[in-house]
Amino acid sequence: VELDDEHLRMTGIGLAAGAELPAHDNPGEAVLQVLRGHVRLVTLSTDGTEVRSIDLAAGLLGRIPDGRHRVEALEPSAFLLTALPLPLEG
């Protein structure tokens with residue numbers, strides 16, 4: 001499910017246990033809110049090695065790191081991604 005506006009993008013994502021959103025870059029400011037389940041947000045260096053990880057359970061909100069990252073589902077999970085693409089014009 002996705003709501004796309006000129007300055008705000010909200011995307012609902014569901015992942016099965018053990019699935020992941022592969023490594024990708026963050027093009028702006030974004031937060032991830034876990035609606036159900038338990039996910040791990042992993043920050044990656046430019047060479048792809050893990051720099052840090054944060055576990056988020058249902059009800060928690062995490063800031064998406066600047067740069068490369070991935071999301072792993074530790075159990076069946078649903079989360080809402082809210083993003084403000086940069087640069088903002090207006």
Side-chain angles (χ1 to χ4, degrees):
V1 176
E2 186 168 335
L3 166 68
D4 200 346
D5 183 90
E6 184 178 347
H7 298 294
L8 176 70
R9 188 176 77 225
M10 298 177 78
T11 306
I13 301 170
L15 294 174
E20 74 174 39
L21 214 53
H24 58 283
D25 292 314
N26 179 5
E29 292 296 323
V31 293
L32 180 151
Q33 179 181 9
V34 182
L35 304 174
R36 182 177 58 219
H38 188 178
V39 302
R40 179 170 291 141
L41 179 58
V42 181
T43 303
L44 304 168
S45 66
T46 53
D47 68 2
T49 57
E50 186 174 320
V51 174
R52 138 184 135 145
S53 66
I54 300 171
D55 286 5
L56 299 166
L60 295 178
L61 187 71
R63 183 182 176 277
I64 303 294
D66 295 333
R68 204 140 185 84
H69 64 282
R70 73 174 182 266
V71 179
E72 305 168 351
L74 303 177
E75 59 187 63
S77 300
F79 54 92
L80 180 64
L81 173 68
T82 303
L84 297 168
L86 294 179
L88 292 177
E89 298 176 12

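Applying the under-4.5 Å side-chain rule to Ile, Leu, Val, Met, Phe, Trp and Tyr, the cluster around L44 extends to V42.
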Return all side-chain donor-acceptor pairs below 3.5 angstrom for residues 74-82, not counting sequence neighbours, or 'none' if the list is empty.
| from | atom 1 | to | atom 2 | distance (Å) |
| --- | --- | --- | --- | --- |
| S77 | OG | H38 | N | 3.0 |
| S77 | OG | H38 | O | 3.2 |
| S77 | OG | E75 | O | 2.6 |

Would you tabulate the side-chain donor-acceptor contacts of residues 50-63 under 3.5 Å, counting partners in other chains and residues two or more places apart, or write 'none'?
| from | atom 1 | to | atom 2 | distance (Å) |
| --- | --- | --- | --- | --- |
| D55 | OD1 | R40 | NE | 2.6 |
| D55 | OD1 | R40 | NH2 | 3.4 |
| D55 | OD2 | R40 | NH2 | 3.1 |
| R63 | NH2 | E29 | OE1 | 3.3 |
| R63 | NH2 | D66 | OD1 | 3.1 |

Between V39 and L32, does the side-chain contact (heavy atoms from CB on, under 4.5 Å) criterion hold? Intermediate values first, please.
CA-CA 10 Å; V39 302; L32 180 151; 4.1 Å; yes

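Follow the hydrophobic side-chain contacts under 4.5 Å out from M10 and you reach L35 in the same cluster.
In this structure, D47 has no salt bridge (Lys or Arg N to Asp or Glu O under 4.0 Å) partners at least two apart in sequence or on a different chain. Not a single side-chain hydrogen bond (donor to acceptor under 3.5 Å, both in side chains) links Q33 to another residue, sequence neighbours left out.
In this structure, A73 and A16 approach most closely via the heavy-atom pair CB-O, 3.3 Å. Between L15 and L21, the shortest heavy-atom contact is CD1-N, 4.1 Å. Taking every heavy atom of both residues into account, N26 and P65 meet most closely at ND2-O, 3.1 Å.
Rounding to the nearest 0.5 angstrom, the gap separating the CZ atom in R68 from the NE2 atom in H24 is 8.5 Å.
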